[in-house]
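Heavy atoms only: backbone and side chains are in, while hydrogens, waters and symmetry mates are out. We count ligands from 1, going down the list as the structure has it; atoms in each ligand are counted the same way. One-based numbering along the sequence shown.
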Amino acid sequence: MKALVFGGPGQRSWDNVDDPGIGEPTDVIVKVETTTICGTDLHILKGDVPAVTEGRILGHEAVGTVVETGAAVSSLKKGDRVLVPAITSCGRCGPCKAGMAAHCEAVGGIGWIFGHLIDGVQAEYARVPYAETSVHAVPEGIADEQVLFLADILPTGYEIGVQNGGVGPGDTVAVVGAGPVGLAAIMTGAIAGASRIIAVDLAESRLRHAEACGATHTVVAGDDAEERIAQITGGEGVDVAIEAVGIPATFDLCTRIVKAGGTVANVGGHGAPTTLHLEELWIKNITITTGLVSGSTVPTLLQLVRDGRIEAEKLGTHRFPLDDIMEAYDVFAAADENDALKVVLTA
Ligand SMILES: NC(=O)c1ccc[n+]([C@@H]2O[C@H](COP(=O)([O-])OP(=O)(O)OC[C@H]3O[C@@H](n4cnc5c(N)ncnc54)[C@H](O)[C@@H]3O)[C@@H](O)[C@H]2O)c1
Ligand SMILES: [Zn+2]
Ligand SMILES: [Zn+2]
């Protein structure tokens, strides 16, 4: 089969590789019909994720059809259409039972294994471990593109941004960073009942996408962002500030715009230490949350897509045949230039 193979920092190729086979009785093999590329794949290509070794097939988001099942698999069969999420869940360990498959012990303490610790789904076929407790049936009549982004960014924005932030009806929410993850937090924040959603980003184009996803206000990131948000909130600050960039400046902004008693929900992946200004924050009664997505909300999100309450396909801005994945990577890597959010690759 063909697959997108990591060849070490800066190296990727669309190569001929061996077809995957059933390894464990709980595995299934999925024929990948639709997949996408994540910002994390770009980090891997820069050499930022040393656990990913040369020869690894990348990708952790897919929709496809089951073509083979392991001996222990009884609730999935050949021909089933499934969403393969970024996070694998054994369904039995302590973290999985607590709804925190992000830290599944059976797969090594981190649920993100596709395109990381095992071969991923940017390929014609993929081996899917712990399939019965990991994959989701795609509702009848729903297209691949409508559910593809439920593999990673939608549950990330919802679980780590909106749920951790405790967003509820009437809340004023700021989402700092309107990339695919921030936009997912905006979409799901609206569903959770936020009445004002302030999107903050450096790029005007991202702010336009934020409005299309449900932001009620937009603020261009810069020196006066704090003041602009103070104006919008009548000087009060926001109930929930969601950080979806992953740098010290944006985390710091979130701690300055959150109101007394509010929550800062960090979603961004940080690569550098950040100063926490406890000399100002100790008196504010705020909560700070962090987390890696678990995918526990995927069933809920699937229902919201099925019933037309979330249009997740809006986040797909570019389409390619799977065979053109090399070009798709180029377009996604230059997302700003191309006004790209997510690319959709179809076999
Ligand atoms: N916690 C999790 O489980 C999890 C899962 C997936 C991704 N992430 C993280 O979420 C973050 C966002 O992911 P993404 O794919 O949307 O990334 P992205 O790079 O596409 O988007 C980031 C956005 O932030 C904006 N930005 C950059 N600097 C800014 C600044 N100073 N002020 C305001 N906006 C600024 C950019 O213009 C861009 O629109 C990343 O750090 C990623 O690692 C976390
Ligand atoms: Zn991802
Ligand atoms: Zn587990």
* Asked: Do the non-hydrogen side-chain atoms of D119 and R127 ever get within less than 4.5 Å of each other?
  -> no

(Q) Under a 4.0 Å threshold between the charged nitrogen and the carboxylate oxygen, would D339 count as salt-bridged to R206? (A) no

Candidates A244, P155, A199, A340; heavy atom nearest atom 22 (C) of ligand 1 found on A244

- prompt: Can you find a heavy atom in the side chain of Y329 that is under 4.5 Å from one in the side chain of L45?
  reply: yes

Nearest non-hydrogen protein atom to atom 10 (O) of ligand 1, with distance, is G268 CA, 3.8 Å

Q: Using a strict 4.0 Å threshold on nitrogen-to-oxygen distance, state whether K259 and D239 make a salt bridge.
A: yes

At under 4.0 Å between heavy atoms, what of I153 touches ligand 1? The answer is neither

the protein heavy atom lying closest to atom 19 (O) of ligand 1 turns out to be R206 NH1, 4.9 Å

To the nearest 0.5 Å, atom CZ of F320 lies from atom OG1 of T346 at 11.0 Å

the protein heavy atom lying closest to atom 25 (C) of ligand 1 turns out to be D201 OD2, 3.2 Å

Are side-chain N/O atoms of Q122 and T35 paired as donor and acceptor at under 3.5 Å?
no

I'd like to know if R319 pairs up with E145 as an ion pair, taking the criterion as any Lys NZ or Arg NE/NH1/NH2 lying under 4.0 Å from an Asp or Glu carboxylate oxygen. yes

Q | pair S296-M100: side-chain heavy atoms closer than 4.5 Å | A | no

C93 SG to C90 SG via the Zn ion (ligand 3), rounded to 10°, gives 110°

| message | Are V63 and V147 packed together at the side-chain level, in the sense that at least one heavy-atom pair is separated by less than 4.5 angstrom? | response | yes

In D152, the N/O/S atom nearest the Zn ion (ligand 2) carries the name OD2

Among non-hydrogen protein atoms, atom 21 (O) of ligand 1 lies closest to G179 CA, 3.4 Å

For P180, the atoms of ligand 1 under 4.0 Å from one of its heavy atoms are 14 (P), 15 (O), 16 (O), 20 (O)

Query raised in the report: Looking only at heavy atoms of A249, does any of them come nearer than 4.0 Å to an atom of ligand 1?
Result: no

Numbered in order shown, the ligand 1 atoms found under 4.0 Å of a heavy atom of G291 are 1 (N), 2 (C), 3 (O)

Atom 7 (C) of ligand 1 has as its nearest protein heavy atom V181 CG2, 3.8 Å

Within 4.0 Å of some non-hydrogen atom of I247, the atoms of ligand 1 are 31 (N)

In this structure, atom 8 (N) of ligand 1 is nearest to the protein heavy atom V267 O, 3.8 Å

re atom 35 (C) of ligand 1, the protein heavy-atom contact at minimum distance is V245 CG2, 3.8 Å

Atom 42 (C) of ligand 1 has as its nearest protein heavy atom G269 N, 3.9 Å

Review point. F251 versus V264: any side-chain heavy-atom pair under 4.5 Å?
Key: yes

Protein heavy atoms: any of them under 4.0 Å from atom 1 (N) of ligand 1?
yes

Next on the checklist: Can you tell me if L253 contacts ligand 1 (heavy atom of the residue under 4.0 Å from the ligand)?
Outcome noted: no

| Within 4.0 Å of atom 17 (O) of ligand 1 (strictly less), any protein heavy atom? | no

L292 heavy atoms within 4.0 Å reach ligand 1 at atoms 3 (O)

Quick look: L202 vs ligand 1, heavy-atom contacts under 4.0 Å, and the answer is both

Quick look: T156 vs ligand 1, heavy-atom contacts under 4.0 Å, and the answer is side chain

Next on the checklist: With clusters defined by side-chain heavy atoms of hydrophobic residues (ILVMFWY) lying less than 4.5 Å apart, directly or transitively, does M326 cluster with V331?
Outcome noted: yes

- Query: Can a salt bridge be assigned to the pair K342 and E61 using a cut-off of 4.0 Å between side-chain N and carboxylate O?
  - Reply: yes

At under 4.0 Å between heavy atoms, what of A221 touches ligand 1? The answer is side chain

Taking E280 first and then K284, would you say they form a salt bridge - that is, a charged N and a carboxylate O separated by under 4.0 Å? no

Note: D330-R12 ion pair, threshold 4.0 Å (strictly below): yes

Nearest non-hydrogen contact to atom 31 (N) of ligand 1 from the set I160, V200, N266, T250 belongs to T250

